[in-house]
**Student:** 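Supplied in structure tokens, the structure appears directly below.
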Number of protein chains: 2
Amino acid sequence: MTPPGDVDEISGRDDGDAMTAAPAPVALSAPLPTIADVARAAGVSKTSVSRFLGGALSALSEDKRQQIESAIARLDYRPNRLARGLKRGQTRLIGFVVADVVNPYSVAVMHGAEAACRKFGYTMMLCNTGGSRELEHQVLDALASYSVEGIILHSVGEATGAIARLVPARVKLVLLDRRLPQTDYDFIGLDNSIATMLATRHLLENGYRDLAIFAEPLAGVSPRCERTAAFLAEVATEPAATGGLFEIDTTDETSTDRAVAAFMAANRQAAPKAILAASGIVTLCLLRALARAGIAIPDDVGVVGFDDLAWSHLVGTGITTIGQPTDKLGEMLVRQLLARIDGDTAPRCDRVVPGHLIIRGSSARR
Amino acid sequence: MTPPGDVDEISGRDDGDAMTAAPAPVALSAPLPTIADVARAAGVSKTSVSRFLGGALSALSEDKRQQIESAIARLDYRPNRLARGLKRGQTRLIGFVVADVVNPYSVAVMHGAEAACRKFGYTMMLCNTGGSRELEHQVLDALASYSVEGIILHSVGEATGAIARLVPARVKLVLLDRRLPQTDYDFIGLDNSIATMLATRHLLENGYRDLAIFAEPLAGVSPRCERTAAFLAEVATEPAATGGLFEIDTTDETSTDRAVAAFMAANRQAAPKAILAASGIVTLCLLRALARAGIAIPDDVGVVGFDDLAWSHLVGTGITTIGQPTDKLGEMLVRQLLARIDGDTAPRCDRVVPGHLIIRGSSARR
DNA sequence: TTGTAAGCGTTATCAT
DNA sequence: ATGATAACGCTTACAA
């Protein structure tokens, strides 16, 4: 079928390797076929092949179309995205910068975002900052150097020059979960006020009166601040209730131990106590500390935690949690980015999704 | 300081936007500076700038070196990695293809791998296959189209054409956790035989005699097969003990319920029962099923699970688990890849790391 | 030590 | 409908 002259030198240049009857049609060290190879094999110009690739079918005769199609299949050709990106400025790359990759919340959102990226033909570059400003700076620069079209940023909590520098690089940015004060970047996250109110109200309604919110050092990180503020505001609506904030260092066990001891030792012994953990990590640290101290849930203290984790209902009689639609968040982030990439110039978007309370044994009625 | 003529037209071409006193030195819609811009600003050739960038300091006069350095700083220039990759064939990109991004095991390894990538100047592209052959095929193709230099593959379990196609594309491959029969790709994972033996022996030594291993359908997936085989072999060393395999569908609760019921109803009522869960996901499903059935751990049944999860010690009196050095695995994977990229042609590497048993209450002595 | 020029694999412009 | 040809931003012979 194929004239011998057309066959692009597949002849073995291998030395030593005597696999003469190799099933793979391509020699091990053959250079990858380029658009030029396809053009030659199909007897057309590179331009025509490019048109075929770009879907400009209308400007192609059925004749050539078939020739090209078959040549592509024969050579197992696939376009080089780097070259395409360089020329067209469309890399179809999206960066996901996360403060903590092992945080189940981030992972869950990442899951949704990755799926959305793939759905829309994008590929995700993942970077972890570990909560370090320096690293965040570094990875944002790195992503920009790859000409990603957009970045989803779960920031360390403050606006940095590295973020500002994305703008001239034409990289679209959307913030996840954490707002950046004084900036007007798009934002998507949880409706912290309502979610916190829901949880706090639930505790109050179930008879808890001496409340506390455990959080990582607020340090201006928006969800921590918002949750704390909403918690205190809600507690204030119940005259008989008190509420306080305990900041803990999640990397230091004794920190949580101390906070727990301080809270449990507080005066109002008669008032049923409960703790709202402001994040999944804090929930974990808190539960560990309570276990170490031999404090019973919910008998000695009620517990509600942000972020519904897979194991929430396995601990004790189950931990009451605030769930977030993480997959949906991931998809929303990508969609928002793609809209901007497509030229959407609407004013800053600030979209929040509602959390839902999943009531389990840890906040049982008192 | 800077002669006016040297300043590359920063002059505002903005229409409408009247931010005359903008703090950012670069106009919003200015094209990014290229190596040519730097060369012009520094009064040297592109070549010299490229040499500077490439660290060819020896071939550069101190004079020009400073000029270039200052020009780069002035323009806030950063090289375009796409262009560099296209020309040099070095993209500094590594793909991580994982069967299940939300699996804590994968996440933990990813954490280590991401850190290693960054350490060595690489950036990670993350793809999730959800265990689908088709998706694996698709994402491998996508990664190849970006000319990643290497891929870490947590495969769906079988060798596919998509994997074979990476070879002509000169993409290095290293398998994580799951071997691919009939292939000779580099492999790094857990020493399943020893880890399983450790866990099984522990159960036997603690008096359990009626054992079972719960696993997802083996389907030729190597860790599942190896763990099951090692489990059965170890059980066989104890004449008074019996052991069986229960395959469960982790996406269907009733599947685990049925398996648990079947195992618990089995004859040998006198023999203390214990279950070895062959993965973190299975452990989770198992614990849920036991909770639903009201079966007490370890009184009614002992439990040991693969993969040490953050919450392992919070459930009941703690779940005995087999921990893996996941961060180390991640780094090993990247190092292996980089070695191959650097031209290492050593024969197929098959490296296993030892797991360690973390003994908690779920396997207490009978 | 420095620079010129030719590509890397695409797409886009402009002819034809 | 089709095809030269010039970019995209960079590296690298090869010259000087």
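Since the structure is predicted, the reported quantities are computational estimates derived from the model, not experimental observations. Throughout, protein chains are lettered first and strands after them, A, B, ... in sequence-line order, and every chain is numbered starting at 1.
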**Student:** For a 4.0 angstrom threshold against heavy atoms of chain B, report the outermost contacting nucleotides of DNA chain C in 5' to 3' order.
**Tutor:**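 Both ends considered, the range comes out as dT1(C) to dG9(C).
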
**Student:** Can you pull out how bent the helix from dT1(C)-dA16(D) to dT16(C)-dA1(D) is, comparing the axes over its first five and last five pairs, to 10°?
**Tutor:**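 Computed from the C1' atoms at both ends, the axes differ by 40°.
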
**Student:** Below 4.0 angstrom, N of the basic side chain to O of the carboxylate: do Lys119(B) and Glu331(B) qualify?
**Tutor:**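 Yes.
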
**Student:** Report the C-alpha separation of Thr129(A) and Leu140(A) in whole Å, then their side-chain angles, then the decisive distance to 0.1 Å, and conclude whether the side chain to side chain contact (heavy atoms under 4.5 Å, CB included) test is met.
**Tutor:** CA-CA 10 Å; Thr129(A) 65; Leu140(A) 287 176; over 6 Å; no

**Student:** Could you tell me which non-hydrogen atom of Met110(B) sits nearest to which non-hydrogen atom of Val101(A), and how far apart they are?
**Tutor:**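 In terms of heavy atoms, the two residues are closest at CE-CG1, 4.2 Å.
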
**Student:** Report, as a single string ordered 5' to 3', how protein heavy atoms within less than 4.0 Å touch nucleotides 4-11 of chain D: B base, S sugar-phosphate only, - not at all.
**Tutor:** BB-BBBBB

**Student:** As an exercise, state the distance from CD1 of Ile94(A) to CZ of Phe120(A), rounded to the nearest 0.5 Å.
**Tutor:**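 Here the interatomic distance stands at 10.0 Å.
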
**Student:** Looking at every heavy atom in both Ser145(A) and Pro79(B), which two are closest together, and how far apart are they?
**Tutor:**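 That closest heavy-atom pairing would be CB-O, 3.8 Å.
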
**Student:** What residue pairs, at least two apart or across chains, pass salt bridge (Lys or Arg N to Asp or Glu O under 4.0 Å) with a residue in residues 126-137 of chain A?
**Tutor:**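 Listed once each, the pairs are Arg133(A)-Glu158(A).
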
**Student:** If I compare all heavy atoms of Phe96(B) with all of Val109(B), which pair ends up nearest, and what's the gap?
**Tutor:**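 Taking every non-hydrogen atom into account, CZ-CG1, 4.2 Å.
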
**Student:** For Arg65(B) and Gln67(B), does a side-chain donor sit closer than 3.5 Å to a side-chain acceptor?
**Tutor:**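 Looking only at side-chain atoms, Gln67(B) and Arg65(B) do not form any donor-acceptor pair under 3.5 Å.
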
**Student:** Measure across Ser48(A) and Leu60(A) and return the closest heavy-atom pair with its distance rounded to 0.1 Å.
**Tutor:**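 Taking Ser48(A) first and Leu60(A) second, the nearest heavy atoms are O-CD2, 3.9 Å.
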
**Student:** Tell me the closest heavy-atom pair linking Leu166(B) and Ala144(B), and the distance in Å.
**Tutor:**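 The pair with the smallest heavy-atom distance is CD2-CB, 4.0 Å.
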
**Student:** What distance do Lys46(A) atom NZ and Asp37(A) atom CG have between them, rounded to the nearest 0.5 Å?
**Tutor:**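 It comes to 10.5 Å.
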
**Student:** Quick one: list whatever passes salt bridge (charged side-chain N to carboxylate O under 4.0 Å, His left out) with Arg78(A), sequence neighbours left out.
**Tutor:**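 Applying salt bridge (charged side-chain N to carboxylate O under 4.0 Å, His left out) to Arg78(A) gives Asp76(A), Asp141(B).
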
**Student:** Under 4.0 Å between any heavy atoms, over every strand shown, what does Ser58(B) touch: base, sugar-phosphate, or nothing? Just pick one.
**Tutor:**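 Contact class for Ser58(B): sugar-phosphate only.
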
**Student:** Output the residues of residues 59-68 of chain A in contact with DNA chain D, where contact means a heavy atom of the residue under 4.0 Å from an atom of the strand; sort by number or write none.
**Tutor:**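 Per residue number, the list reads Ala59(A), Leu60(A), Ser61(A), Lys64(A).
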
